[in-house]
A.B. asks: 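Provided herewith is a single structure, encoded as structure tokens, for subsequent inquiry.
Residues: numbered from 1 along the sequence shown. All values below were derived from every heavy atom in this structure, side-chain atoms included, with hydrogens, water molecules and symmetry-related copies excluded.
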Amino acid sequence: MTRADLVFHNGPVHTMDGGRANALAVAGGRIIGLGDDEVRPLLGPGTDVVDLRGGALLPAFQDAHVHPVIGGLQRLECDLTDLHGLADYLDRIHAYAASLPGEEWIRGAGWYGDVFPGGFPSRTDLDAVTGARPAVFTSHDGHGAWVNTAALRRAGITRDTPDPPDGRILRDADGRPTGMLVEGAVELVTRLLPPPGRRRIEEAILQAQRYLHGLGITAWQDAAVGDALGIPDPFDAYASLADRGLLTARVVGALWWRRGVGVEQVAELVDRRDGIVHGRFRPTAVKIMQDGVCENLTAAVLEPYRGHGHERGISFIDPAELAEATARLDAAGFDVHFHAVGDRAVRECLDAVRAAERGTDRRHQIAHLDLIDPVDVVRMRELGVIANIQPLWARNDPVLVDTKLPFLGEEQQRHHFAFGSLARAGVPLAAGSDWPVSSPNPLWGVHVAVNRTAPPDDPHAQDHRSRHDPLLPEQAVTVGAALAAYTSGAARANHLDHETGTLSRGRAADLVVLDRDPCAVPADELGTLRVVTTVADGRVVHQSEVP
């Protein structure tokens, strides 16, 4: 008889396939027993027995939409994401700059605009803590940059520099650049930065892996594998880490679709995918950006933005071309991962899927879906398209209330982050974080999906409105549905559901131990749950001490 390497007992085991047990046994990286009656005979002298102490065991979490290379690089630089205040930002930047006196550039990211007077940072604040070296700090959402005077000077940006076609240089009353660059103007400075080399990219992936494992995540879909979002292509770095046994996560790569190149790139994408043989990195999806974001009026919407005339955003790809691309990718065996924030973009993506002669078992998904017309909720179910949701965004925090809702009409606001409508219609849900845009903590995401308010410890949502005023509470989902979106639902979106996402005999032992049972705590405590242990293929990859 095979003896267990690892046994968990004395707590609920949520299998996420409708079942529940009170013990689980692992051997050789696989689950070999569920429940006391099966597990007890599998104990041996070498079995490591883990007492759950009333905590819960679940399938490990997965992130269906994340940018771990950017997030990892950010953690290796001056990371501001855990702070929310100008004084705190400046203190950390000053300490970071002082710790690296030989660095030519001072680099970081993660700031929120609502901490600054008027909503935008100033170069003079940054000058005070960085001195004569150029400094650039990207906003948490990646749509802007805070730079100092030295960086403006290095880039040759003066009062006479015109705005680029796709961006803005913010200026004071005298026309002088303030140090805030928006959208395409960011590249006027960032193009001067030395790009990270292969070793640095690998270091960033490993840094992200450690962080995500600590949050109970053992699999993710990287939503931009290619020359995209201002970083070098991480494809070879992923492949190398997998070959060397350093990639303990399961990673699905969404290969970047280059706008303006056309469908001839499909053959190249097929070659990239088919050249990889290692199972821990599988580039089997393709990412297509169909629109932007509501905050800068680039999300493609059906009705005009409030207060902006006839402005309805931008469809980055012509709908006919999008349909042809989707059909070609589907025929080539790819899952298509669409970015669609506005309701018009969502409709265009659904039209493209409908026009494709879908192959067997495709997992096409639309990420973000900030707005969706009720008619298209039904169409998503009929077409089997996965709703890739970012639960943490669905709350009344300043980023939403002050910078987004003013642009949306009353009808648009009623269909905002419509998770409940999607779930009730039978649309499959998968959860992602879009980290580093927002925290990748799945337990925070579960909290928001269920309560439609911010989790207690989130530093970016400590005002009364975000903590106590639910955003469209009728769009909340159950605890079970929220957990499924981070486990079985995300596994399905990642095409990993053949061995992960649920717990049963023979499946991979990708597991997470929580300090308490999410199905038993009050709903307003979901965001306070903690990860105790994370297991990937039967191997403990994270262990924390929870008091």
Side-chain angles (χ1 to χ4, degrees), residues 61-74 109 138 140-143 201 204-205 208-209 211-212 215 217-235 237-238 247 249-259 265 269 272-273 276 281-293 299 316-317 322 325-326 329 334-341 345-346 349 362-370 385-393 429-442 445 485-486 489-496:
F61 300 127
Q62 300 192 21
D63 194 316
H65 183 105
V66 66
H67 301 286
V69 179
I70 301 174
L73 286 170
Q74 188 167 307
T138 307
H140 79 99
D141 60 3
H143 292 279
I201 294 294
I205 293 171
Q209 180 172 258
Y211 179 50
L212 295 173
L215 296 172
I217 297 167
T218 62
W220 66 73
Q221 185 159 159
D222 187 321
V225 175
D227 245 335
L229 306 181
I231 62 167
D233 182 3
F235 186 97
Y238 270 128
L247 197 63
R250 304 174 196 274
V251 178
V252 175
L255 302 176
W256 187 254
W257 183 265
R258 291 170 291 158
R259 297 197 297 273
Q265 67 189 290
L269 296 172
R272 298 200 89 192
R273 177 193 65 194
I276 290 292
F281 173 56
R282 299 168 52 253
T284 54
V286 171
K287 169 71 174 297
I288 296 180
M289 292 276 294
Q290 183 56 11
D291 71 345
V293 295
F316 290 160
I317 301 176
L322 180 68
T326 302
L329 291 168
F334 284 107
D335 297 330
V336 182
H337 186 139
F338 300 97
H339 165 118
V341 166
V346 170
C349 294
R362 296 289 180 266
R363 309 290 173 84
H364 302 321
Q365 57 193 295
I366 300 177
H368 308 321
L369 300 126
D370 293 31
V385 175
I386 297 166
N388 188 318
I389 61 174
Q390 284 61 62
L392 199 64
W393 300 353
L429 302 183
S433 65
D434 209 13
W435 180 61
V437 172
S438 50
S439 169
N441 186 337
Y486 280 103
R492 185 173 182 274
N494 289 335
H495 232 122
L496 295 171

A.B. asks: Does the pair Ile288 and Leu329 meet the rule for a side chain to side chain contact (heavy atoms under 4.5 Å, CB included), with working shown?
C.D. replies: CA-CA 11 Å; Ile288 296 180; Leu329 291 168; 4.0 Å; yes

A.B. asks: Nearest heavy-atom pair of Tyr486 and Gly445: which atoms, and what distance?
C.D. replies: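 Shortest heavy-atom contact: OH-CA, 3.3 Å.
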
A.B. asks: Hey, are the side chains of Asp222 and Pro68 touching, using non-hydrogen atoms and a 4.5 Å cut-off?
C.D. replies: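 Yes; the side chains approach each other to less than 4.5 Å.
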
A.B. asks: When rounded to the nearest 0.5 angstrom, what is the spacing between CG in Leu392 and OG in Ser433?
C.D. replies: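 Interatomic distance, Leu392 CG to Ser433 OG, rounded to 0.5 Å: 8.5 Å.
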
A.B. asks: Side chains of Gln365 and Asn388 only: does a donor on one sit below 3.5 Å from an acceptor on the other?
C.D. replies: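 Yes, because at least one side-chain N or O of Gln365 sits under 3.5 Å from a partner of the opposite role on Asn388.
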
A.B. asks: Taking the side chain from Arg363 and the backbone from Arg492, do they hold a donor-acceptor pair closer than 3.5 Å?
C.D. replies: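 Present.
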
A.B. asks: Quick one: does any side-chain atom of His364 pair with a main-chain N or O of Val336 as donor and acceptor, under 3.5 Å?
C.D. replies: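 Indeed, once roles are kept as given, a pair shorter than 3.5 Å links the two residues.
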
A.B. asks: Search all heavy atoms of His337 against all heavy atoms of Ala64 and return the closest pair with its distance.
C.D. replies: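 Taking His337 first and Ala64 second, the nearest heavy atoms are CE1-O, 3.3 Å.
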
A.B. asks: Kindly compute the distance separating OG1 (Thr218) from CG (Asp63), expressed to the nearest 0.5 Å.
C.D. replies: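 Rounded to the nearest 0.5 Å, the OG1-CG separation comes out at 11.0 Å.
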
A.B. asks: Please answer whether the main-chain N or O of Ala254 pairs with a side-chain N or O of Lys287 as donor and acceptor at a distance below 3.5 Å.
C.D. replies: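 Answer holds: no.
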
A.B. asks: Donor-acceptor check, side chain of Gln221 to backbone of His65, threshold 3.5 angstrom: yes or no?
C.D. replies: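 Between the backbone of His65 and the side chain of Gln221 there is no qualifying donor-acceptor contact (under 3.5 Å).
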
A.B. asks: What distance do Arg282 atom CZ and Leu496 atom CG have between them, rounded to the nearest 0.5 Å?
C.D. replies: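 Separation between the atoms: 5.5 Å.
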
A.B. asks: Apply side chain to side chain contact (heavy atoms under 4.5 Å, CB included) to residues Ile205 and Leu247 and explain how you reach the verdict.
C.D. replies: CA-CA 9 Å; Ile205 293 171; Leu247 197 63; 4.2 Å; yes

A.B. asks: Report yes if the side chains of Pro283 and Val225 come closer than 4.5 Å at any heavy-atom pair, otherwise no.
C.D. replies: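 Side chain of Pro283 against side chain of Val225, heavy atoms only: no contact under 4.5 Å found.
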
A.B. asks: So, taking the atom named CD1 in Ile389 and the one named CG in Leu369, what distance separates them when rounded to the nearest 0.5 Å?
C.D. replies: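 It is 9.0 Å, given to the nearest 0.5 Å.
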
A.B. asks: Taking Gln265 for the side chain and Arg258 for the main chain, is one N or O donor matched with an acceptor at less than 3.5 Å?
C.D. replies: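 Side chain of Gln265 to backbone of Arg258: a pair is present.
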
A.B. asks: Do you know which two heavy atoms are closest between Asp233 and Asp227, and how far apart they sit?
C.D. replies: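 Looking at all heavy atoms of both residues, the closest pair is N-OD1, 3.7 Å.
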
A.B. asks: Any sub-3.5 Å donor-acceptor pair from His67's side-chain atoms to Trp435's backbone N or O?
C.D. replies: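 No, the answer is negative, given that no donor and acceptor are paired below the 3.5 Å cut-off.
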
A.B. asks: For the backbone of Gly292 and the side chain of His339, can you confirm whether one donor and one acceptor N or O come within less than 3.5 Å of each other?
C.D. replies: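 Yes.
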
A.B. asks: Measure the CG-CZ distance between Leu255 and Phe235 for me, rounded to the nearest 0.5 Å.
C.D. replies: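 Between Leu255 CG and Phe235 CZ, I get 6.5 Å after rounding to 0.5 Å.
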
A.B. asks: Quick check: does any side chain N or O of Asp291 sit under 3.5 Å from a backbone N or O of Val341, one acting as donor and the other as acceptor?
C.D. replies: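 Yes; at least one donor-acceptor contact below 3.5 Å.
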
A.B. asks: Which heavy atom of Ala228 sits nearest to which heavy atom of Ala224, and what is that distance?
C.D. replies: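 It is CB-CB, 4.4 Å.
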
A.B. asks: Return yes if some donor-acceptor pair links the side-chain N/O of Gln209 with the main-chain N/O of Ala249 below 3.5 Å, else return no.
C.D. replies: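 At least one qualifying donor-acceptor pair exists.
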
A.B. asks: Under 3.5 Å, is there a donor-acceptor pair between the side chain of Asn494 and the main chain of Val252?
C.D. replies: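 Pair absent, no side-chain N/O of Asn494 close to backbone of Val252.
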
A.B. asks: Can you confirm whether Leu229 sits close enough to Ile70 that some side-chain heavy atom of one is under 4.5 Å from a side-chain heavy atom of the other?
C.D. replies: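 They are in contact (side-chain heavy atoms under 4.5 Å apart), so the answer is yes.
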
A.B. asks: Show the numbers, then the answer: is there a side chain to side chain contact (heavy atoms under 4.5 Å, CB included) between Met289 and Phe316?
C.D. replies: CA-CA 7 Å; Met289 292 276 294; Phe316 290 160; 4.2 Å; yes

A.B. asks: For a quick test of reading the model, state the closest non-hydrogen atom pair linking Phe334 to Leu269 and the distance between them.
C.D. replies: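 Where Phe334 meets Leu269 most closely, the heavy atoms are CZ-O, 3.5 Å.
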
A.B. asks: Parallel, tilted or perpendicular: which fits the ring planes of Trp220 and Tyr238, with parallel below 30° and perpendicular above 60°?
C.D. replies: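 Answer is tilted, since the angle falls between 30° and 60°.
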
A.B. asks: I need the Ile317 CD1 to Leu322 CG distance, nearest 0.5 Å.
C.D. replies: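 Between atom CD1 of Ile317 and atom CG of Leu322 there are 5.5 Å.
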
A.B. asks: What are the two closest heavy atoms between Leu215 and Pro440, and how far apart are they?
C.D. replies: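 Answer, listing the atom of Leu215 first, then Pro440: CD1-CG, 3.5 Å.
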
